[in-house]
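A quick write-up on the structure given underneath.
Fair warning: this is a prediction, and the values are worked out from it, not measured in the lab. Side chains included, hydrogens not; waters and symmetry mates left out as well; all remaining heavy atoms used.
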Amino acid sequence: MLLAFFDWLATTAGSIALHESLHAYRIVSTVHVVTLSLFVGTASLLDLRLLGATLRSVPVSEVARRLRPWTMAGFALMIASGALLFYANPSPRYQNLFFRVKMAMLVAAGINAWLFHRQVFPRVADWDSDPVPPRRARMAGGLALALWAAMIVSGRMIAYDWFDCSRQPQSALVNLLQGCRTESH
Amino acid sequence: MSLLPFFEWCENADLIVAMRSSLWLFPAIESLHLLGLAMIGGALLVVDLRLLGFGLRRQPVATLARDAEPWLLGSLGVMLPTGVLLFMSSAVKCYYLPVFWLKMATLLTALAFTFSIRRRVAMAVETGVHPGRARVVGSASISLWLIVAIAGRFVGLP
């Protein structure tokens, strides 16, 4: 089971070192937060263009193509630093309600991007220079923006211990959603 | 005269005391500050990368600067008030924190630079600004704002 694996992961030397270190953890968390402005910043520009809210005179395909390497670089840094932050505290993160919400949003954002690139973007030539793209493109852009915002907010909330498994009693729903090990089990 | 009494007053202002007694208000303000950080990144980078010769290279810098401006002002409109509230809630800690003073000094420099030199160069590039000069302005902008962001993160750390 995953929780047993994360309990084991927490006993590995690297996890303990990162958990105990002051500077390494601070640097990794700083990279994670500051890269937000590269990753979500450049991704949002494309989403806002899809909504017709900015760069209306620039073809959509040009915005997508030219910003992609920067968004991808930001994404790689986000995932790498995020994985390290998780590695420093595996089980508490895994059982954190906000962390689970954030991961669900990440999956939803991935599906939204995949559907967009499969179903909407291939026909971009038909509306590339339209100041306001068609409805399907606007929906993908708007949904992406909402999901980024939800990810940022839930990510910030991970630091708050309101729903920690160790702070019982919690409601049955919270315990279920986080997979807390409760006494009755 | 020491600024410390002012910082102590900030921390004990009625508004801040009320904010501290709320469970969710402080995290909500932190979240807004982060949402602003994401937005300001896009609004700054689209112009700075172009000044450096990357990103939307085929577009005139002035077009990008004009399109980015409302988003830049909007994100500052979110970040500055939320930042003031976050500062006030732990003003005395900030007073003794060198990285807080570094952030404030760099922030004022970055704001002054962005709305004077950077704006003038971005708006004038097609009328003949040396690409070398555009690159200097782009790197200066990225460096200044990056220091503000990194120092800001360190102010917030426990």
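Annotation: B:Trp9, atom CH2; neighbour count of heavy atoms from other residues, nucleotides and ligands within 6.0 Å does not exceed 12. Environment of CG in A:Asp126: crowded, with over 12 heavy atoms of neighbouring residues, nucleotides or ligands closer than 6.0 Å. Enclosure of atom CE in A:Met139 is not indicated, since only 12 or fewer non-hydrogen atoms of other residues, nucleotides or ligands lie within 6.0 angstrom. The local environment of CZ in A:Arg123 is sparse, with at most 12 non-hydrogen atoms from other residues, nucleotides or ligands closer than 6.0 Å.
For A:Ser154, no part lies near chain B; criterion is any non-hydrogen pair under 4.5 Å. Within the 4.5 angstrom heavy-atom criterion, no atom of B:Arg66 approaches chain A. Contact of A:Arg68 with chain B is not made at all, since no heavy-atom distance falls under 4.5 Å. Of the atoms belonging to B:Leu23, heavy atoms from both backbone and side chain fall under 4.5 Å from chain A. For A:Ala53, the parts lying near chain B are the backbone and the side chain together; criterion is any non-hydrogen pair under 4.5 Å. Contact annotation for B:Leu44: neither backbone nor side-chain heavy atoms come within less than 4.5 Å of a heavy atom of chain A.
For the pair B:Leu35/A:Val153, a side-chain contact is recorded, criterion being any heavy-atom separation below 4.5 Å from C-beta on.
Cluster annotation: B:Leu51 and B:Phe54 are assigned to distinct hydrophobic clusters (Ile/Leu/Val/Met/Phe/Trp/Tyr, side-chain heavy-atom contacts under 4.5 Å, transitive). In this structure, B:Leu45 is not a member of the same hydrophobic cluster as B:Met123, with clusters built from ILVMFWY side-chain heavy atoms closer than 4.5 Å. Grouping the Ile, Leu, Val, Met, Phe, Trp and Tyr side chains by contacts below 4.5 angstrom, directly or via other members, places A:Leu77 apart from A:Met72. Taken together through direct or relayed side-chain contacts under 4.5 Å among Ile, Leu, Val, Met, Phe, Trp and Tyr, A:Leu48 and A:Leu38 form parts of separate hydrophobic clusters. Put simply, B:Val137 and B:Ile142 are part of two different groups of oily side chains (I, L, V, M, F, W, Y) that touch within less than 4.5 Å, one to the next.
Between chain B and the residues A:Leu67, A:Val40, A:Val58, the largest count of heavy-atom pairs under 4.5 Å involves A:Val58. Most heavy-atom pairs under 4.5 Å with chain A: of the set B:Ala68, B:Gly156, B:Ala28, B:Ala38, this distinction falls to B:Ala38.
Going from atom CG of A:Leu145 over to atom CE of B:Met39 covers 8.0 Å, rounded to the nearest 0.5 Å. Expressed to the nearest 0.5 Å, how far CG of A:Leu45 lies from CH2 of B:Trp71 amounts to 9.5 Å. A:Ser29 OG to B:Leu157 CG: the interatomic distance, rounded to the nearest 0.5 Å, is 5.0 Å. Remark: B:Arg153 CZ to A:Arg26 CZ distance equals 9.0 Å, nearest 0.5 Å. The distance from atom CD1 of A:Ile152 to atom CG of B:Leu34, rounded to the nearest 0.5 Å, is 7.0 Å. Atom CZ of A:Arg66 is separated from atom CZ of B:Arg50 by 10.0 Å, given to the nearest 0.5 angstrom.
What you find for B:Asp67 and A:Thr54 is that their closest heavy atoms are O-OG1, 3.3 Å. Of all the heavy atoms in A:Trp70 and B:Gly55, the pair that sits closest is NE1-N, 4.1 Å. Of all the heavy atoms in A:Trp162 and B:Trp24, the pair that sits closest is CH2-CA, 4.2 Å. Counting all heavy atoms, side chain and backbone alike, B:Leu37 lies closest to A:Val33 at CD2-O, 3.5 Å.
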Item to check | Working for side-chain contact (heavy atoms from CB on, under 4.5 Å), residues A:Glu62 and B:Gln59 | outcome: CA-CA 10 Å; A:Glu62 191 179 327; B:Gln59 302 298 323; 3.1 Å; yes
Checklist entry - Checking side-chain contact (heavy atoms from CB on, under 4.5 Å) for the pair B:Thr63/A:Leu55: CA distance, chi angles, key distance, verdict? => result CA-CA 8 Å; B:Thr63 306; A:Leu55 301 169; over 6 Å; no
